[in-house]
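By convention here, the first residue in the shown sequence is residue 1. These numbers come from a predicted model, not from an experiment. Counting convention: from 1, in listed order, for ligands and their atoms alike.
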Amino acid sequence: MTLLVTGSAGFIGSCFVRQHFQIDNEPVVSLDALTYAGHLSTLGAAKDRPEHTFVHASIGDADVVRKVLAEHQPRAVLNFAAESHVDRSILGPEEFIQTNVVGTYRLLECVREYWSTLHGTAKTNFRFLHVSTDEVYGTLGPNDAPFAETNKYEPNSPYSASKAASDHLVRAWHHTYGLPVLTTNCSNNYGPYHFPEKLIPLIINNALRGKPLPVYGDGMQVRDWLFVEDHTRGIRTVLDKGTPGETYNIGGWNEMANIEVVKLVCTLLDELQPKADGHSYAQQIQFVTDRPGHDRRYAIDARKIERELGWRPQETFESGIRKTVQWFLQNQDWVELVMHRASPVR
Ligand code: NAD
């Protein structure tokens, strides 16, 4: 038995692999193109496990993917690989189309070909799990009900449009070819190893470097936040118990405005690493011109995964954000290591 995990050197894929080896010895083949957002060090100790094999390749490289599938005969493929930063998708959508749409298509084709060679329970039990986002549903008004799996897709950014396209391909490969797929749509994640261009790690790292803490527009964009280890536990639950062809929303039941999140991070930093001059890090907050097409509110109705599969988040935002800030304070060497390859977007 083996799992193939794509995008394994990124924030969430690496968390899945690290968590997997805390509870299981099943081999993992992890495949990642190591873009600016992927780094082998993000896999931590999992990287050197005897049950772990790393393949440096793109999901769009059909020759390599075919070979990996034939050689390792995985019982499931989990697709975390993606271009994932909305700001970058606005500056240059091409990579997002290439990886999220064309890459997912090529991966699906290779997996379909491999799956068609399987027999008996190996074929019936095989799963392709596609990791997606709540951003495919568009934006909510202040009083709208949270996104359910039945909401229509209304993506507003090049990033969310490319993820929506990939979700549609995955759905079509199930309905047309019978591939046993599962799709998860999750809200904003946070936690250790979060690439430092995303809101929470950006705020922590800019604060520590005495830089401005940029907040878009009025800072009142609302997001639902989920600790990354809860997300990967949810993915594992869907892999083990989900019904092929179904989609599952995963969320933290924790809506917060961006400015509230930024202020909370500043308060934690004030407590854990006070500034020498006694001032609060919050004084570094700067409101900047809003992102074009910025969605106002996302919220997730995660009742289906709770009702049908028994998953609920274990971490509260208070405990998860404290762990996250502490992790970044203790792992600034990782931040330096991964940041030097990324061109800044803001
Ligand atoms: P990330 O940017 O941290 O990691 C993405 C990884 O994919 C990187 O290691 C990168 O090198 C790799 N990659 C990029 N292009 C590739 C390609 N063509 N072939 C192989 N590998 C490639 O992203 P993340 O935050 O870990 O997100 C993982 C998945 O979860 C994405 O599909 C994203 O859309 C989804 N998601 C993310 C969040 C979030 O809050 N971060 C929330 C919901 C869903």
Among all protein heavy atoms in this structure, tell me which lies nearest to [atom], with the distance rounded to 0.1 Å.
{"atom": "atom 4 (O) of ligand 1", "result": "Gly10 CA, 3.4 Å"}
{"atom": "atom 34 (O) of ligand 1", "result": "Tyr159 OH, 2.6 Å"}
{"atom": "atom 30 (O) of ligand 1", "result": "Val131 CG1, 3.4 Å"}
{"atom": "atom 27 (O) of ligand 1", "result": "Ile12 CD1, 3.8 Å"}
{"atom": "atom 28 (C) of ligand 1", "result": "Phe80 O, 3.3 Å"}
{"atom": "atom 19 (N) of ligand 1", "result": "Ile59 N, 2.9 Å"}
{"atom": "atom 21 (N) of ligand 1", "result": "Ala33 N, 3.1 Å"}
{"atom": "atom 8 (C) of ligand 1", "result": "Asp32 OD2, 3.5 Å"}

For residues [X] and [Y], establish whether the separation of their ring centroids is below 6.0 Å.
{"X": "Tyr153", "Y": "His168", "value": "yes"}
{"X": "Phe317", "Y": "Phe227", "value": "no"}
{"X": "Trp327", "Y": "Trp334", "value": "yes"}
{"X": "Phe80", "Y": "Phe11", "value": "no"}
{"X": "Tyr137", "Y": "Tyr298", "value": "no"}
{"X": "His85", "Y": "Tyr159", "value": "no"}

With heavy atoms under 4.0 Å as the rule, classify the contact between [X] and ligand 1 as side chain, backbone, both or neither.
{"X": "Ser187", "result": "backbone"}
{"X": "His85", "result": "neither"}
{"X": "Ser132", "result": "backbone"}
{"X": "Phe11", "result": "both"}
{"X": "Leu34", "result": "backbone"}

The test is side-chain contact (heavy atoms from CB on, under 4.5 Å); show your working for Arg296 and Met220 and say whether it passes. CA-CA 8 Å; Arg296 202 64 185 161; Met220 291 306 291; 3.5 Å; yes

Salt-bridge test for Lys304 and Glu306: reply yes if a basic N is under 4.0 Å from a carboxylate O, no otherwise.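 Salt bridge: no.
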
Basic-acidic side-chain contact under 4.0 Å: Glu271, Arg322: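 So Glu271 pairs with Arg322 through a salt bridge.
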
For [X], the ligand 1 atoms whose distance to one of its heavy atoms is below 4.0 Å:
{"X": "Asn188", "result": "40 (O)"}
{"X": "Ala57", "result": "19 (N), 20 (C)"}
{"X": "Ala81", "result": "7 (O), 20 (C), 21 (N), 22 (C)"}
{"X": "Lys163", "result": "31 (C), 32 (O), 34 (O)"}
{"X": "Ser84", "result": "1 (P), 2 (O), 23 (O)"}
{"X": "Gly38", "result": "8 (C), 9 (O), 11 (O)"}
{"X": "Thr35", "result": "10 (C), 11 (O), 14 (C), 15 (N)"}
{"X": "Gly7", "result": "6 (C), 7 (O)"}

Would Thr99 count as a polar contact of ligand 1, with the cut-off being nitrogen or oxygen pairs under 3.5 Å?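 Min N/O separation from ligand 1 is below 3.5 Å for Thr99.
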
Compute the shortest N/O to N/O distance between His194 and ligand 1 and return yes if it is under 3.5 Å, no if not.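 No; every N/O pair is 3.5 Å or more apart.
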
Would you please classify the geometry between the His52 ring and the Phe54 ring as parallel, tilted or perpendicular, with 30° and 60° separating the classes?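 Answer is tilted, since the angle falls between 30° and 60°.
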
Gap between atom CZ of Arg112 and atom CG of Leu69 - 0.5 Å precision: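 These two atoms lie 13.5 Å from each other.
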
Nearest-0.5 Å distance, OH of residue Tyr248 to OG1 of residue Thr243: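 It comes to 4.0 Å.
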
Mind running side-chain contact (heavy atoms from CB on, under 4.5 Å) on His72 and Leu4 for me, showing each step along the way? CA-CA 8 Å; His72 294 276; Leu4 172 59; over 6 Å; no

For the pair Thr237 and Ile235, evaluate side-chain contact (heavy atoms from CB on, under 4.5 Å) and give the outcome as yes or no after the intermediate values. CA-CA 5 Å; Thr237 305; Ile235 287 169; over 6 Å; no

Tell me which one of Cys186, Ala82, Ser58 gets a heavy atom nearest to atom 5 (C) of ligand 1.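 Result: the heavy atom closest to atom 5 (C) of ligand 1 is in Ala82.
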
Has Cys15 got any heavy atom lying under 4.0 angstrom from an atom of ligand 1?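 No, Cys15 has no heavy atoms under 4.0 Å from ligand 1.
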
Arg88/Tyr36 under side-chain hydrogen bond (donor to acceptor under 3.5 Å, both in side chains): CA gap, chis, key distance, verdict: CA-CA 12 Å; Arg88 285 186 194 274; Tyr36 79 93; 3.1 Å; yes

